[in-house]
Number of protein chains: 2
Amino acid sequence: MGLTKSEIFTDTQNDIASFAKAFAHPARVAILQQLFKMDSCYCGNLVDEIGLAQPTISQHLKELRNLGLIKGNVEGTSVCYCIDKENWQKMKEVLMLFLDQDTQTKDECC
Amino acid sequence: MGLTKSEIFTDTQNDIASFAKAFAHPARVAILQQLFKMDSCYCGNLVDEIGLAQPTISQHLKELRNLGLIKGNVEGTSVCYCIDKENWQKMKEVLMLFLDQDTQTKDECC
DNA sequence: TTATTTAATTGCAATATTACGATTAATATT
DNA sequence: AATATTAATCGTAATATTGCAATTAAATAA
């Protein structure tokens with residue numbers, strides 16, 4: 001079918017999945033790393049750095065923007081992108097809690 | 001095209017994306033949470049707990065197994081699944097390093 | 001006004017993912 | 001041996017994702 005039955009899962013489970021989906025493609029990982037590394041974070045820079053076409057990068061940026069992980073600032077014909085630190089922190093809290101489950105449990109069952 | 005150009009990305013970027021993909025579906029998030037919560041982690045329990053068909057759960061389990069995050073132990077006709085703590089820890093290190101990037105950088109550019 | 005530059009959008013092709021019915025495989029039970 | 005139980009696999013349908021050429025939109029420069 002190809003359609004996730006999101007209604008049978010909790011909000012938290014869907015949130016974790018949504019955030020994880022942001023990192024589930026190496027291009028988006030690369031984009032985020034660049035945004036953390038660079039001071040100048042123009043869209044064109046990302047196209048140059050990462051070897052993908054401009055529409056492809058633009059599409060990935062849109063997904064990250066929709067999730068709230070980045071924000072874009074229009075400067076003339078250019079757009080300067082950067083990490084939305086506040087939302088990044090929120091996302092981190094949700095994911096960390098999930099990743100840290102192993103510290104709160106005893107030993108293996110099998 | 002629908003085909004990720006993994007060859008243009010670094011191993012780390014591809015690793016992060018692969019791990020994130022494991023959590024990029026609420027069913028797999030739910031499975032992992034159950035495995036952490038339960039002592040008895042039989043495949044049938046997961047089918048009952050999560051409202052998806054047995055082949056669907058089996059398929060999700062396979063993906064988690066291929067990534068090394070869980071391991072299954074055959075007990076008669078049943079299979080007992082549990083978290084592979086060692087690999088979970090390794091995965092955590094990779095993802096944490098990525099998520100913690102915000103602590104290592106200065107303020108926003110825009 | 002007419003380029004030029006930069007990035008978003010549209011349209012489309014190809015591959016990936018999700019889900020499940022039907023079947024199969026393997027073990028246990030009668 | 002025949003049946004029951006449990007989970008994997010196969011096949012298939014439907015939706016999602018990835019990628020890019022072509023185009024559009026918006027602002028700047030000539």
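Lettering follows sequence order; numbering is per chain, from 1. Note that these values count all heavy atoms, side chains included, but never hydrogens, waters or copies made by symmetry.
- Taking every side-chain heavy atom of K62(B) into account, dT9(D) is the closest of dC20(C), dT10(C), dT9(D).
- The shortest distance between the side-chain N/O atoms of H60(B) and the OP1/OP2 oxygens of dT17(C) is not below 4.0 Å.
- The distance from atom CZ of R28(A) to atom P of dG19(D) is 9 Å, rounded to the nearest whole Å.
- Looking only at distances, a side-chain donor or acceptor of R28(A) sits under 3.5 Å from a matching main-chain atom of A22(A).
- For the pair L61(B) and E75(A), nearest-nucleotide mapping onto DNA chain D gives the more 5' position to L61(B).
- With dA7(C), dA8(D), dA19(C) as the choices, the nucleotide that has an atom nearest any side-chain atom of K5(A) turns out to be dA19(C).
- For the OP1/OP2 pair of dT5(C) and a distance below 4.0 Å, the side-chain nitrogens and oxygens of Y42(A) include no atom meeting the criterion.
- Rounded to a whole Å, the CD atom of E7(A) is 15 Å from the P atom of dT18(C).
- Between N45(A) atom CG and dA7(C) atom C1' there is a gap of 13 Å when expressed in whole angstrom units.
- Here the straight-line distance linking atom CG of L35(A) with atom CG of L46(A) works out to 5.5 Å at 0.5 Å rounding.
- For the atom pair I83(A) CD1 and I70(A) CD1, the distance stands at 7.0 Å (nearest 0.5 Å).
- Both distances falling under 3.5 Å, in either a Watson-Crick or a G-U wobble arrangement, place dT15(D) opposite dA16(C).
- Using a 4.0 Å heavy-atom cutoff across all strands shown, S58(A) reaches at least one base atom of the nucleic acid.
- What separates CD of Q59(A) from C1' of dA13(C) is a distance of 13 Å, to the nearest Å.
- Between H25(B) and dA16(D), a side-chain N or O to OP1/OP2 separation shorter than 4.0 Å is absent.
- Put simply, CD on Q54(B) is 15 Å from C1' on dT18(C), counting in whole angstrom units.
- Side-chain N or O atoms of Q101(B) include one that pairs as donor or acceptor with a backbone N or O of F98(B) at under 3.5 Å.
- One atom, CG of L64(B), and another, C1' of dA7(D), lie 16 Å apart when rounded to the nearest Å.
- Look at CD on E63(A): it is 16 Å from C1' on dA7(C), rounded to the nearest Å.
- In this view, A27(B) and F9(A), H25(B), L52(B), H60(B) satisfy the side-chain contact (heavy atoms from CB on, under 4.5 Å) rule, not counting sequence neighbours.
- Residue T56(B) is classed as a base contact, given a heavy-atom separation below 4.0 Å to a base.
- Side chain of N87(A) to backbone of L69(A): no donor-acceptor contact under 3.5 angstrom is found.
- As a whole-Å value, the separation of I50(B) CD1 from dA7(D) P is 13 Å.
- Note on L52(B): only backbone sugar-phosphate atoms sit closer than 4.0 angstrom, heavy atoms only; bases stay farther off.
- The 5' end of DNA chain C is approached more closely, in terms of each residue's nearest nucleotide, by I57(A) than by the other of I57(A) and S6(A).
- Distances shorter than 4.0 Å separate none of the side-chain N or O atoms of K21(A) from OP1 or OP2 on dA16(D).
- Closest contact between the side chain of S78(A) and the listed nucleotides dA8(C), dA8(D), dA7(C) involves dA7(C).
- Between T77(A) and L3(A), the residue whose closest nucleotide on DNA chain D is further toward the 5' end is L3(A).
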